[in-house]
> 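First, the structure itself, so that you have it in front of you.
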Number of protein chains: 2
Amino acid sequence: MATLTFKLNEHLYLRDPQHTQLGQNIIQKSVEMIDRLGFEHFTFKKLAEEINSTEASIYRYFENKHKLLVYLISWYWHWIEYRIDIATGSLQNSSDKLRACLRLLAQEKKYDEAFEFVNQEALHRIVIAELDKTYLTKGVDDYNKEGLFRGFKSVNRKIASVILEINPSYEHASSLISTILVTGHQQLFFSEHLPSLTAIGTGKERYTKLYEFMENVVFNAIQS
Amino acid sequence: MATLTFKLNEHLYLRDPQHTQLGQNIIQKSVEMIDRLGFEHFTFKKLAEEINSTEASIYRYFENKHKLLVYLISWYWHWIEYRIDIATGSLQNSSDKLRACLRLLAQEKKYDEAFEFVNQEALHRIVIAELDKTYLTKGVDDYNKEGLFRGFKSVNRKIASVILEINPSYEHASSLISTILVTGHQQLFFSEHLPSLTAIGTGKERYTKLYEFMENVVFNAIQS
DNA sequence: CGATTATTGATAGTAATACTATTATATTTG
DNA sequence: CAAATATAATAGTATTACTATCAATAATCG
């Protein structure tokens with residue numbers, strides 16, 4: 001199977017990590033470490049030790065650790081969009097398309113061999129726990145000007161446009177989808193840490209329940 | 001008018017800031033500073049300078065700046081719950097109650113003179129920008145065991161129970177409400193910084209539009 | 001009212017973080 | 001093979017997030 005890479009916004013990095021061995025090590029190991037340590041306890045120094053490199057070398061790839069996080073999560077959204085395209089490409093009916101999108105979002109993420117050096121299960125956990133930190137910062141407007149949130153926005157726009165195919169007069173499409181994109185991850189976080197805030201439970205079936213919840217919210221909202 | 005205070009969980013602080021002048025200064029000024037600087041750029045040292053005290057003194061009230069944030073946001077949820085009680089106390093009809101809750105959540109927050117030394121407008125902006133940071137941390141389970149999220153949970157439970165009055169067989173009440181509580185703030189953030197992710201617009205009318213969106217989502221979800 | 005106790009201020013210090021700078025050593029490329 | 005480029009090794013800085021100590025002040029209590 002071919003190994004794929006995504007063309008991510010150039011402002012996310014100083015040197016493209018996909019092009020070199022060191023860059024790939026940085027990506028691979030940082031996913032594992034952020035997942036394990038959490039973003040606040042993760043540092044370039046610790047990362048450097050684990051990949052037998054140096055802090056200074058990592059700084060040649062990423063301006064700072066926050067941009068690395070934004071990079072990883074941007075990668076995630078590009079991956080999601082790619083999978084949405086595959087899952088909906090053969091579908092004619094818009095409601096089917098929307099259901100496919102929701103299913104994909106709610107789904108447990110398993111290793112996708114088309115993408116070496118990124119552990120998608122770990123990355124999914126990072127998105128669950130750290131997504132909001134990418135934009136909840138005073139630098140959000142500068143980041144946005146540089147286009148660093150394009151991945152997220154693109155997925156949002158794509159699914160919102162499916163909603164407008166189903167109901168062209170629905171007024172809250174972009175709000176509804178951004179809500180779903182964020183809550184999809186948040187509910188999984190609550191499921192693990194604050195279960196009284198969610199109805200999806202804590203067992204294996206939570207992915208199915210999450211899908212049912214999303215379907216309930218989205219289809220009823222737009223078909224009124 | 002009487003000045004009210006909330007009894008917040010004791011694990012939120014080391015010394016109760018509501019009881020002393022220094023404590024009140026810490027609360028008042030930290031709200032203003034976190035709003036202005038953002039949580040990451042806010043430090044106890046800077047705060048100490050502005051209230052003419054010292055870092056060490058502030059550390060006698062709060063273990064660290066994260067717990068101060070959790071304290072402030074906990075205060076916010078207690079305030080919201082208090083206002084929900086007032087707004088729904090005289091209502092008989094459950095749908096009216098639910099609408100009153102949503103209106104209150106979506107509403108622009110104005111200064112409430114019953115609570116001195118807390119600038120609610122600034123605090124609302126803090127909740128919009130920093131809420132998720134209170135629980136998106138590796139320490140979430142310890143915090144939760146200490147009951148630090150009681151305020152949030154309590155509001156969630158209260159509104160979820162109104163939903164069950166309307167439709168006792170609705171299965172996703174707690175998920176629906178936690179989604180609304182979080183998205184209510186998130187959409188306002190998007191409105192200001194990432195407007196393509198929201199349909200509520202960027203003008204003064206965004207609070208009304210947010211309410212309409214919430215009503216659309218909630219009432220359609222539960223009345224199916 | 002004076003003595004005890006609690007609270008705050010002043011000051012100092014530490015380990016870790018988030019970088020930047022410099023130079024030497026590999027490695028690649030033309 | 002020479003030149004350019006990437007990386008490693010090392011050092012250094014300002015800031016952060018604390019902790020510790022002790023003196024000064026304010027509150028309270030017998």
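Heavy atoms only: backbone and side chains are in, while hydrogens, waters and symmetry mates are out.
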> Could you state the NE2-P distance from B:His19 to D:dA27, rounded to the nearest angstrom?
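Taking atom P of D:dA27 as the reference, NE2 of B:His19 is at 16 Å.
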> Just by modelled atom types, is the A:Gly147 backbone N or O under 3.5 Å from a matching donor or acceptor in the A:Asn9 side chain?
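Yes: the side chain of A:Asn9 pairs with the backbone of A:Gly147.
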> Thinking salt bridges, do A:Lys29 and A:Glu32 make one under a 4.0 Å N-O criterion?
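Salt bridge between A:Lys29 and A:Glu32, a charged N being under 4.0 Å from a carboxylate O: yes.
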> With A:Leu12, which of A:Leu148, A:Leu68, A:Leu72 fulfils side-chain contact (heavy atoms from CB on, under 4.5 Å)?
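It is A:Leu148; the other options fail the test.
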> Give the angle between the helix axes at the two ends of the helix from C:dC1-D:dG30 to C:dG30-D:dC1, taking five base pairs at each end and rounding to 10°.
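Its terminal axes enclose an angle near 20°.
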> Give the ring-plane orientation class for B:Phe62 versus B:Tyr71, where under 30° counts as parallel, over 60° as perpendicular and anything between as tilted.
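Correct class here is perpendicular.
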> Hey, are A:Arg150 and A:Glu81 close enough for a salt bridge, meaning a charged N less than 4.0 Å from a carboxylate O?
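Here A:Arg150 does not pair with A:Glu81 in a salt bridge, since their nearest N and O are not under 4.0 Å apart.
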> Rounded to whole angstroms, how far apart are CG on A:Asn25 and C1' on D:dA8?
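The answer, rounded to whole Å, is 14 Å.
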> Roughly how many Å is it from CD in A:Gln24 to P in D:dT7, rounded to a whole number?
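Rounding to the nearest Å, CD of A:Gln24 and P of D:dT7 are 12 Å apart.
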> Over how many whole Å does the gap from B:Gln21 atom CD to C:dG9 atom P extend?
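Taking atom P of C:dG9 as the reference, CD of B:Gln21 is at 11 Å.
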> Can you check the B:Leu69 CG to D:dA17 P distance for me, whole Å?
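Interatomic distance, CG of B:Leu69 to P of D:dA17: 13 Å.
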> Does the structure place the NZ or CZ of B:Lys65 under 6.0 Å from the centre of the six-membered ring of B:Phe44, at an angle of no more than 45° from the ring's axis?
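Verdict for B:Phe44: no cation-pi partner in B:Lys65.
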> Please check if atom NZ in A:Lys138 has more than 12 non-hydrogen atoms from other residues, nucleotides or ligands closer than 6.0 Å.
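More than 12 heavy atoms, drawn from other residues, nucleotides or ligands, come within 6.0 Å of this atom.
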> Under 4.0 Å between a side-chain nitrogen and a carboxylate oxygen: does that hold for A:Arg125 and A:Glu192?
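Not counted as a salt bridge, because no side-chain N and carboxylate O are separated by less than 4.0 Å.
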> Establish, with yes or no, whether the OP1 or OP2 oxygen of C:dG9 is under 4.0 angstrom from a side-chain nitrogen or oxygen of B:Ser57.
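Looking at the OP1 and OP2 atoms of C:dG9, one of them is under 4.0 Å from a side-chain N or O of B:Ser57.
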> Is any side-chain nitrogen or oxygen of A:Tyr61 closer than 4.0 Å to OP1 or OP2 of D:dA6?
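For A:Tyr61, the contact criterion (side-chain N or O under 4.0 Å from OP1 or OP2 of D:dA6) is not met.
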> Taking only residues at least two apart or on different chains, which pairs with a member in residues 140-159 of chain B satisfy ring-ring contact (aromatic ring centres under 6.0 Å, His included)?
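Applying ring-ring contact (aromatic ring centres under 6.0 Å, His included) to every pair that reaches into residues 140-159 of chain B, excluding sequence neighbours, yields B:His66-B:Tyr143, B:Trp77-B:Phe152.
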> From CG of B:Leu47 over to C1' of C:dT8, roughly how many Å is that when rounded to an integer?
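Checked: the CG to C1' distance equals 15 Å.
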> Could you write nucleotides 11-30 of chain C as a row of B, S and -, 5' to 3', where a protein heavy atom under 4.0 Å of any base atom gives B, of only sugar-phosphate atoms gives S, and otherwise -?
------SBBBB---------
> What's the CZ-P distance between B:Phe62 and D:dT19, to the nearest Å?
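Rounding to the nearest Å, CZ of B:Phe62 and P of D:dT19 are 16 Å apart.
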> Atom CD of B:Glu49 to atom P of C:dT8: distance rounded to whole Å?
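Rounding to the nearest Å, CD of B:Glu49 and P of C:dT8 are 19 Å apart.
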